[in-house]
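To start, the structure itself, in structure tokens.
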Amino acid sequence: MKKLSNTNMELPYDKTNARSIEAYAKQLLDKSLHDIFGDDIVHVRKGKGKFGQLVEELYFKYKPNSDALPDFPEAGVELKTTPMKEIKKGYVPKERLVFNIIDYEKEYQYSFPQSSFWKKNALLLLMFYLYEEQKLDVDYIFKIIRLWRFPVADLKIIKDDWEKIVAKIKDGKAHELSEGDTLYLGACTKGANSETTRSQPFSEVPAKQRAFSLKPKYISFIINKSLTEAEVLIDEREYEDLLQVGEPSVSYIRKKLDNIEPVVKEVSDYKKGETFEDLVVRKFKPYYGYTEKQLTQEFQIDTKAKNKFEIVAKAILGVKNKKIEEFEKADVLMKTIRLEENGSIREHMSFRQIQFNDIVNEDWEESTWYWELNRKFFFVVFQKDANGILKLDRVLFWNIPEKDFDILEEVWNDTKMKIANGDFTHFIKASENKIGHVRPKGRNSDDKMLAPNGTMQKKKCFWLNKTYIKAAIS
DNA sequence: GCATGATCATGC
DNA sequence: GCATGATCATGC
């Protein structure tokens with residue numbers, strides 16, 4: 001990184017040096033702003049919000065910028081202050097990590113190395129603090145502070161994600177962008193409300209304002225890695241091939257977190273022009289036409305589990321008995337689909353149980369079901385042949401088109417309202433053709449859960465209609 | 001044949 | 001012990 005000016009003597013760190021900035025930041029570890037600045041800060045700080053700006057101005061003593069350069073331009077470091085919350089299993093991200101807003105009018109003009117995202121966010125200084133509801137923000141304790149570069153294998157996926165987002169802009173479809181379009185780097189809505197829009201260059205249709213973002217599952221990975229491993233800051237030079245036009249040839253063996261294993265062991269596993277999704281489909285193709293029996297024999301799988309096809313799928317991807325790292329980090333939802341001889345789907349697709357006492361306090365875009373739906377699906381499709389034998393037909397990645405979320409929101413709102421009103425008998429049915437519906441999901445009809453009105457009610461869940469799934473995969 | 005309610009095998 | 005992902009069973 002080129003030095004633009006001499007070190008500013010007034011600052012308690014060398015603003016041209018990423019390690020110096022990091023070292024200064026780390027003095028906040030296990031401390032709050034209150035600890036550093038004393039009681040005076042509590043008086044000037046009554047409300048919440050803009051906590052990140054406070055850290056920048058007060059602690060780093062510089063004015064935050066929202067321009068195209070990183071926060072510390074001379075060092076190429078972008079500061080991100082982001083909350084975690086504590087659950088039984090440890091720390092988890094409280095929300096997405098949101099980067100710069102996507103300027104549809106400009107972003108498409110760049111290649112990835114020149115993109116607004118990469119220019120600003122290639123090197124991050126992450127400051128994770130523990131969010132606690134009852135606390136003032138100045139009392140939040142910082143728990144993880146570190147420089148972060150994306151591992152090379154992740155950067156490959158992020159670059160492809162960026163290309164997908166830009167391809168939609170170029171196609172005049174910025175209004176159809178959705179978080180489910182991409183794996184790690186998402187385009188999440190950002191604005192006062194969902195009506196906040198921006199113009200796009202190749203269509204008259206206003207598009208929702210969106211920002212680049214990382215999904216909580218990916219941030220979890222950063223947190224876990226930061227807490228369990230000795231710190232490794234990837235050398236910038238390892239990116240060189242990836243940031244050229246052309247194909248990556250970098251050989252980079254990935255480290256494993258305990259229970260997850262990547263499909264892609266080295267970036268050179270990719271064939272020319274392949275995305276991660278392409279690669280996965282390629283791995284499955286040799287097994288198209290295999291029967292259930294052939295697959296379980298081939299991979300020596302002996303289980304009666306109803307998710308045995310998922311076990312098969314993992315085996316095909318070379319990730320036996322572990323979780324698929326890329327699917328975990330991208331929060332991909334694997335679902336098996338069984339087609340009848342005539343191609344119709346036998347069953348609707350179930351989701352998690354509805355927590356009756358939670359849903360009544362949720363908003364749609366933060367609801368459990370929305371999070372389940374607003375992601376990439378991986379369908380493993382089996383079809384019965386003329387003799388009624390189930391064979392692997394094909395696999396595909398899919399996500400719910402942006403336009404369909406309005407109807408799903410209706411279904412969700414209707415359900416929430418009925419639960420709040422104590423009506424457990426008139427949920428939206430599959431026959432109403434609203435894409436989704438509500439049906440039982442329990443051990444048996446005695447399996448019940450406490451509802452807001454104090455009664456015990458049969459456990460239920462949301463389902464996606466099989467007709468909808470059928471259309472999606474056709 | 002399909003909608004709906006009911007239930008199962010497993011992992012954690 | 002229970003949620004998950006999935007499938008079964010009945011009745012119209």
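Sequence lines set the chain letters: A, B, ... in the order given, protein chains first and strands last, and positions in each chain run from 1. The basis for the numbers below is simple: all heavy atoms, side chains too, and nothing from hydrogens, waters or symmetry mates.
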Measure all distances between protein nitrogen or oxygen atoms and nitrogen or oxygen atoms of nucleotides 1-5 of chain B, and list the pairs falling under 3.5 Å.
unit_1 : atom_1 : unit_2    : atom_2 : d
dT4(B) : OP1    : Ser431(A) : OG     : 3.0
dT4(B) : OP2    : Ala430(A) : N      : 3.0
dT4(B) : OP2    : Ser431(A) : N      : 3.1
dG5(B) : N7     : Arg439(A) : NE     : 3.0
dG5(B) : O6     : Arg439(A) : NH2    : 3.0

Spacing of Arg352(A) atom CZ relative to dA6(C) atom P, expressed in whole Å: 13 Å
Give a yes or no on this: more than 12 heavy atoms of other residues, nucleotides or ligands lie within 6.0 Å of atom NZ of Lys470(A). yes
Check the surroundings of atom NZ in Lys173(A): do more than 12 heavy atoms from other residues, nucleotides or ligands lie under 6.0 Å from it? no
Qualifying residues under ring pair (Phe, Tyr, Trp, His ring centres under 6.0 Å), relative to Phe284(A), sequence neighbours excluded: Phe378(A)
Tell me, please, whether Tyr270(A) has Lys156(A) positioned over its six-membered ring: NZ or CZ under 6.0 Å from the ring centre and within 45 degrees of its axis? yes
Under 3.5 Å, side chain of Lys190(A) to main-chain N/O of Ile102(A), donor-acceptor pair present? no
note: Lys335(A), atom NZ; dT7(C), atom C1'; distance rounded to Å ~ 13 Å
Residue whose closest nucleotide on DNA chain C lies nearer the 5' end, Arg443(A) versus Leu390(A): Arg443(A)
For atom CZ of Phe379(A) and atom P of dA6(C), their distance in whole Å: 10 Å
Shortest non-hydrogen contact from Glu176(A) toward Asp181(A): O-OD2, 3.9 Å
